[in-house]
Amino acid sequence: MTKKKLIIFLALTAALSAVFHVLNARAGTLQAAYTAGLMWSPGVAALATQLLTEGTLRGLGWRWGRTRYQLLSLVLPFIVVLTTYAVIWLTGAGGFPNAAFVDELIGQIGLDVSRTQAIVIYILVSGTFGLVTSSLTALGEEIGWRGLLVPELSKATDFTVTALVSGGIWAVWHYPGILFADYRGGGPIWYSMVCFTLMAIGLSVAMAWIRIKSGSVWTATIIHAAHNVFIQTIATPLTADTGPTEYLIGEFGVGLVIAYGVAAFIFWRLRDRLPEPGSAARV
């Protein structure tokens, strides 16, 4: 059943995703509506696969699980991003704050505030309301990647293979946006692809571990949403380019490759603490 489910899921994901990849490619840039549809393609595929093969939507990790794992899911990307960008800012490899971006924020806020006050307001709003809205699209991906794919792979193989294969598939799924739209960093496309792939696989090791340990797809959703907000919405826009910056920051820089690589190694070393294969898919 596992092999059949994986084939159906991946086929449906590829078919649904292709529609939105083409739309983004034709636009030449990631459009919000198309990207939302793209991010929900794995989720819809997983829901359809579960109904077709099991006749139920159970088994995708709907339970909340222990709150400590949800907190870990929020703290992990925060620590990774804060550590990575702090090193970049303190070494001068990137500037903080990005004065032009902050001045634009002040104009948008429409209040007489200082740059520091504008930054604080922006971080608070992005870290609360932004996190909620980001979770709505992140959930679409995670129902598929960590709701179905990771538990099914874990039934057939060990944790290392499960984490690496799911991470590799997740990375490749993003390639059309890198190659044919504008989902990339400021460096060469090949550099963006290499960094993104390594970053995604490193992050996937941590996400797979927490997903299996907690039995909850919500952990993966929180990590994914927090990762997107902390990096794409907060840290990267607030960083000024000082020369090498574009090669270091964001999802297409080497900074997060290193940071998530360290996190991946830590979680991989803890693989013997995971429950028996298949237990992540009980609910």
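Predicted, not measured: the structure shown is a model, and the values here were computed from it.
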For residues 192-200, tabulate all N or O donor-acceptor pairs below 3.5 Å that involve a side-chain atom, not counting sequence neighbours.
residue, atom, partner, partner atom, Å
S192, OG, G185, N, 3.0
T197, OG1, Y175, OH, 2.6
T197, OG1, M193, O, 2.7

Using a 3.5 Å cut-off and no angle test, enumerate the donor-acceptor pairs between side-chain atoms of residues 81-88 and protein atoms at least two apart in sequence or in another chain.
residue, atom, partner, partner atom, Å
T83, OG1, I79, O, 2.7
T84, OG1, V80, O, 2.7
Y85, OH, T236, OG1, 2.6
Y85, OH, G250, N, 2.8

Which atom pairs, one a donor and one an acceptor, fall under 3.5 Å between side chains of residues 251-264 and the rest of the protein, sequence neighbours left out?
residue, atom, partner, partner atom, Å
E251, OE1, Y183, OH, 2.6
E251, OE1, Q232, NE2, 3.0
E251, OE2, H227, NE2, 2.7
E251, OE2, Q232, NE2, 3.4
Y260, OH, H227, ND1, 2.9

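I178 and R184 get closest at one heavy-atom pair: O-NH2, 2.8 Å. Across all their heavy atoms, V161 and D158 have their closest contact at N-OD1, 2.9 Å.
Evaluation of the side chain to side chain donor-acceptor pair (under 3.5 Å) test over residues 69-80, restricted to residues two or more places apart or in two chains, returns Q70-S216. A salt bridge (Lys or Arg N to Asp or Glu O under 4.0 Å) check over residues 3-17, counting only residues at least two apart or in different chains, returns the pairs K5-E54, K5-E152. Within the structure, ring-ring contact (aromatic ring centres under 6.0 Å, His included) contacts touching residues 24-49 (residues at least two apart or in different chains) do not occur.
For E104, the salt bridge (charged side-chain N to carboxylate O under 4.0 Å, His left out) criterion is met by no residue, not counting sequence neighbours. In this view, T67 and W64, L71 satisfy the side-chain contact (heavy atoms from CB on, under 4.5 Å) rule, not counting sequence neighbours. Every residue two or more places apart in sequence or in another chain that forms a salt bridge (charged side-chain N to carboxylate O under 4.0 Å, His left out) with D103 is listed here: R115. Among residues two or more places apart in sequence or in another chain, the side-chain contact (heavy atoms from CB on, under 4.5 Å) test is passed with S41 by L16, S17, F20. Scanning for salt bridge (charged side-chain N to carboxylate O under 4.0 Å, His left out) contacts around R66 gives an empty result, with sequence neighbours left out.
Between W170 and H224, the angle of the ring planes goes over 60°, which puts this pair in the perpendicular group of the 30/60° scheme.
Applying the 4.5 Å side-chain rule to ILVMFWY residues, one finds V120 in the same cluster as L124.
A donor-acceptor pair under 3.5 Å is absent between the side-chain atoms of T157 and the main chain of S154, judged by distance alone.
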